[in-house]
S.K.: 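Dropping a structure here in structure tokens format, bear with me for questions.
Throughout, protein chains are lettered first and strands after them, A, B, ... in sequence-line order, and every chain is numbered starting at 1.
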There are 2 protein chains.
Amino acid sequence: MTKDKILDTAERLFADQGVDATSLRQIVAEARVNLAAVHYYFRSKEALLDAVILRKLAAVNRERMALLDRFEREAGGRASVERVLEAFIAPTWAVKDRHPQFVKLMGRLHAEGFMLRLMKEHFQDVLDRFLEAFHCSMPETEWEELLWRIHFTVGAMAHTLRGAPEVHVAAGRKPGYSPQRVSQSLVDFLAAGFRAPVRVVEEK
Amino acid sequence: MTKDKILDTAERLFADQGVDATSLRQIVAEARVNLAAVHYYFRSKEALLDAVILRKLAAVNRERMALLDRFEREAGGRASVERVLEAFIAPTWAVKDRHPQFVKLMGRLHAEGFMLRLMKEHFQDVLDRFLEAFHCSMPETEWEELLWRIHFTVGAMAHTLRGAPEVHVAAGRKPGYSPQRVSQSLVDFLAAGFRAPVRVVEEK
DNA sequence: GTCTATACTGAGATAGAC
DNA sequence: GTCTATCTCAGTATAGAC
């Protein structure tokens, strides 16, 4: 089908080259469809990108919710920060095994604030659920501080999803961790960050 | 001077709208210079971007090195992770006071892997110095794990520099921290992450 | 309903006149 | 050094074939 051919090809090219660097003409050439078909099915390049993401994001979010359900059940109530982080992060890595390019793309879009826009428009329930779970796992921490820590988390996650650990290269080393190991290190790193005591400051 | 007018205007527009969304035509219109002048002085849009960044990055890196020097002197040798993080992160926020748009731009470019490329090409000495300082502050931690934690750090920093804490908005709250407070929370959060014990794993 | 051919506008790049 | 003119290619839009 024409529509799916466009979606598949766009997903691959967007992830490999970036959205701006990919022209609609390249997409339709590789998908062997006509240029105007894009406009017919999606109206614009931006709307095509939305469709590409939404197609997969729905599944990721279902998995996130299911994991959080399980963790809360196992804990008999509120899940620990580690578990909440894992429920949010792990599903993206699970996708990575089967669709590495898509995950790269998600990383890029997270970093551009695009991802949260989509989440807010289409998955506000997931957003609310995880905000609540974070809050329950850290009931002592004030919302303002908690939200900043979530903000830092999104940044670290997005950057890691994007792939290419340039720091290793800059240090003259090859990264040796498996994707699962990276995900684990990330969760441990972030959980420790969440558990850090909030510094008392006198603002001047 | 024509060249500086182009640099100033490009910096402002790149930061406000993003690089791709900013056309050279818009830059030359606002700078009141001719379109071809950009190609005469900079050869391409990409090279113009390099020039915009390098103009300010040099100063930031000098400040980073100076801070690290001071912290190591004060500690009588190796600085703590907190101090190393502060030496790396604080100078970017110091710039933010005077050039908020430029910092937004740096955040964007960090997230795109562009920043590390520039650092590697023009400031490998700064890179080496900080890698060494991180290593000295965490001598027990293996390089592989340490570099990943630095990778997470860059992600969190880049995302935070980019401004716009969308998470707060998604949660229906207004962020109330001052920039200094955000920088502090970030350093505390990351330092705790660095200090997290490395999980022992049996890879399967 | 689907899809194609084709045209329109605006982008970055370049050559050459002054 | 600076600017005009022009080239190519991008995203978008529309009319109409099947």
S.K.: In whole Å, I'd like the distance from the CZ atom of B/R32 to the C1' atom of D/dC3.
M.R.: 17 Å
S.K.: Is it true that a side-chain atom of B/T92 and a backbone atom of B/I89 form a donor plus acceptor pair closer than 3.5 Å?
M.R.: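 Between the backbone of B/I89 and the side chain of B/T92 there is a qualifying donor-acceptor contact (under 3.5 Å).
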S.K.: Using a cut-off of 6.0 Å, state whether more than 12 heavy atoms not belonging to A/E142 lie near its atom CD.
M.R.: no
S.K.: Just checking A/A37: base, sugar-phosphate only, or nothing, at a heavy-atom cut-off of under 4.0 Å?
M.R.: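 The residue A/A37 makes base contact.
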S.K.: Let me know which of A/K5, A/K104, A/K56 forms a salt bridge (Lys or Arg N to Asp or Glu O under 4.0 Å) with A/E11.
M.R.: A/K56
S.K.: Taking the minimum atom-to-atom distance to the side chain of B/Y40, which one of D/dT2, C/dG1, C/dA5 wins?
M.R.: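 When the side chain of B/Y40 is considered, D/dT2 is the closest of D/dT2, C/dG1, C/dA5.
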S.K.: When the distance from CD1 of A/I6 to P of C/dT2 is rounded to whole Å, what number comes out?
M.R.: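 A/I6 atom CD1 is separated from C/dT2 atom P by 12 Å.
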S.K.: In a check of salt bridge (Lys or Arg N to Asp or Glu O under 4.0 Å) between A/D8 and each of A/R32, A/R55, A/K3, which one passes?
M.R.: A/R55
S.K.: Please report the shortest heavy-atom distance between B/C136 and B/R78, naming the atom on each side.
M.R.: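 Looks like O-CD, 3.4 Å.
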S.K.: Between P on D/dT2 and NZ on B/K3, what's the gap in Å once rounded to a whole number?
M.R.: 11 Å
S.K.: For nucleotides 12-16 of chain C, give me every protein contact, N/O to N/O, under 3.5 Å, one pair per line with atom names.
M.R.:
{"unit_1": "C/dG12", "atom_1": "OP1", "unit_2": "B/T22", "atom_2": "O", "d": "3.4"}
{"unit_1": "C/dG12", "atom_1": "OP1", "unit_2": "B/L24", "atom_2": "N", "d": "3.0"}
{"unit_1": "C/dG12", "atom_1": "OP1", "unit_2": "B/K45", "atom_2": "NZ", "d": "3.2"}
{"unit_1": "C/dG12", "atom_1": "OP2", "unit_2": "B/L24", "atom_2": "N", "d": "2.7"}
{"unit_1": "C/dG12", "atom_1": "N7", "unit_2": "B/R25", "atom_2": "NH1", "d": "2.5"}
{"unit_1": "C/dG12", "atom_1": "N7", "unit_2": "B/R25", "atom_2": "NH2", "d": "3.2"}
{"unit_1": "C/dG12", "atom_1": "O6", "unit_2": "B/R25", "atom_2": "NH2", "d": "3.0"}
{"unit_1": "C/dA13", "atom_1": "OP2", "unit_2": "B/H39", "atom_2": "NE2", "d": "3.2"}
{"unit_1": "C/dA13", "atom_1": "OP2", "unit_2": "B/K45", "atom_2": "N", "d": "3.2"}

S.K.: Only one of A/F130, A/F71, A/F134, A/W93 passes ring pair (Phe, Tyr, Trp, His ring centres under 6.0 Å) with A/F88; say which it is.
M.R.: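 Running ring pair (Phe, Tyr, Trp, His ring centres under 6.0 Å) over A/F130, A/F71, A/F134, A/W93 with A/F88 returns exactly one hit, A/F130.
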S.K.: Take atom CG of B/L48 and atom C1' of C/dA11, then tell me their distance rounded to the nearest Å.
M.R.: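 Rounded to whole Å, this separation is 15 Å.
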